[in-house]
Amino acid sequence: MALRVTLAPEMALCFPPPKRNTKSPRVSMTSTINSSPKDESPKKPFSPRREVHLQVTHSMPPHKVEIFKSLEEWAENNILVLLKPVENSWQPQDFLPDSQSEGFYEEVKELRERSREIPDDYYVCLVGDMITEEALPTYQTMLNTLDGVRDETGASLTSWAIWTRAWTAEENRHGDLLNKYLYLTGRVDMKQIEKTIQYLIGSGMDPRTENSPYLCFIYTSFQERATFISHGNTGRLAKDHGDLKLAQICGTIAADEKRHETAYTKIVEKLFEIDPDGTMIAFADMMKKKISMPAHLMDDGHDDNLFEHFSAVAQRLRVYTAKDYADILDFLVRRWNVEKLTGLSGEGNRVQDFVCTLATRIRRLEERAQERAKRAPCIPFSWIYGRDVQL
């Protein structure tokens with residue numbers, strides 16, 4: 001049975017109040033002369049600023065943990081092979097000016113000159129993507145909540161644990177590279193960006209995957225394709241604006257996301273093979289909840305609707321749209337042959353129809369979103385020094 005826990009926002013993360021000292025105070029004349037009274041008010045404990053959904057944990061039946069244990073060897077032969085050796089992997093420095101080079105300052109100058117040709121709304125999208133990548137500690141934490149596949153020791157040699165750590169290591173380069181590049185442009189307020197990252201990591205994420213690898217691997221399949229599309233589109237726009245180096249950076253990151261998408265979709269494909277009914281119900285469950293973006297708790301301390309505003313700009317520039325959401329769903333339905341599944345239970349058949357027709361309904365929402373975007377206001381973004389950008 002799933003455990004439901006409701007936390008008020010102010011109670012989401014609390015620390016015990018400081019213990020009161022009951023001993024008589026020790027008085028020293030030298031310590032009291034020319035001293036001001038100390039503020040004895042208790043410190044306010046940290047609390048995330050954004051609310052989350054009703055929390056459901058450990059909803060996967062215990063016997064299904066054995067499915068993932070039985071797939072250890074399969075994961076080693078089919079998933080770990082999709083990782084690249086470190087010595088063959090690109091690194092952020094491959095795309096950045098070399099600080100040891102005599103031409104370093106000239107390279108930075110050229111980079112900054114290219115960046116001047118790029119409009120503010122593009123930088124809102126690129127910064128939002130970078131912040132999403134920089135919240136990587138949250139994503140590794142989330143994977144390590146999953147029953148049956150978590151890294152139990154921090155250095156476990158199970159195939160699932162090795163994948164999580166190595167996937168994290170590959171993804172870590174994305175935020176590093178975008179962060180450094182954006183810093184060198186001089187176009188963005190790095191302190192506000194850094195505050196947003198700290199707020200986001202402190203708030204976590206709420207994908208509603210319930211400690212279930214069924215739900216989570218469906219979520220990550222969707223998300224990896226979404227980031228592949230988003231980075232690919234920021235690369236296309238960078239090329240349109242004349243920054244070929246930035247286009248190359250975005251394209252390289254997109255290629256990583258595509259490879260990671262391949263891994264997660266292969267896992268879910270295997271689950272459909274072993275447990276078609278349970279996987280079908282899990283797929284429908286995630287789509288009914290709606291796939292929330294990893295950075296949906298984004299906050300900069302100023303704009304309470306920052307993620308929604310960032311998403312609106314991305315929608316208008318067609319970096320990531322409601323149409324892309326529908327296209328990803330269609331892609332996964334085809335990739336996993338969902339329409340052709342047979343032998344499902346009554347519930348499985350009902351949700352199969354729901355999933356296979358959902359994309360059409362979402363596309364109708366895309367048309368409305370594009371119409372609303374034409375009438376959207378301009379608002380300031382702290383990431384670009386408070387300059388206004390149309391939503």
Tell me if the aromatic rings of Trp336 and Phe331 count as close, with their centers under 6.0 Å from one another. no
Tightest non-hydrogen contact, residues Phe283 and Leu329, listed as CZ-CD1, 3.8 Å
In Arg165, Arg259, Lys84, the residue satisfying salt bridge (charged side-chain N to carboxylate O under 4.0 Å, His left out) with Glu170 is Arg259
Listing, residues 285-292 side-chain donor-acceptor contacts under 3.5 Å, not counting sequence neighbours, or none:
residue, atom, partner, partner atom, Å
Asp285, OD2, Lys289, NZ, 3.3
Lys289, NZ, Arg208, O, 2.7
Lys289, NZ, Glu210, OE2, 2.7

Between the OH atom in Tyr320 and the OG atom in Ser311, the distance rounded to the nearest 0.5 Å is 9.5 Å
*Mark yes when over 12 heavy atoms from residues, nucleotides or ligands other than Glu339 sit less than 6.0 Å from its CD; otherwise mark no.*
no
Do the ring planes of Phe310 and Phe307 sit parallel (below 30°), tilted (30 to 60°) or perpendicular (above 60°)? perpendicular
* Would you please classify the geometry between the Tyr214 ring and the Phe68 ring as parallel, tilted or perpendicular, with 30° and 60° separating the classes? => perpendicular
Return the orientation label for the Phe217 and Trp160 ring planes: parallel under 30°, perpendicular over 60°, tilted otherwise.
parallel
Please check if the distance between the ring centroids of Tyr325 and Phe222 is under 6.0 Å. yes
Candidate pair Trp383 and Asp189, rule side chain to side chain contact (heavy atoms under 4.5 Å, CB included), full reasoning: CA-CA 5 Å; Trp383 304 336; Asp189 187 335; 5.8 Å; no
(Q) Does Tyr183, at its OH atom, have more than 12 non-hydrogen atoms belonging to other residues, nucleotides or ligands within less than 6.0 Å? (A) no
- prompt: So with a 6.0 Å cut-off around NZ of Lys323, is the heavy-atom count from everything else above 12?
  reply: no
ILVMFWY cluster, Val127 and Tyr385 together (side-chain gap under 4.5 Å):
no
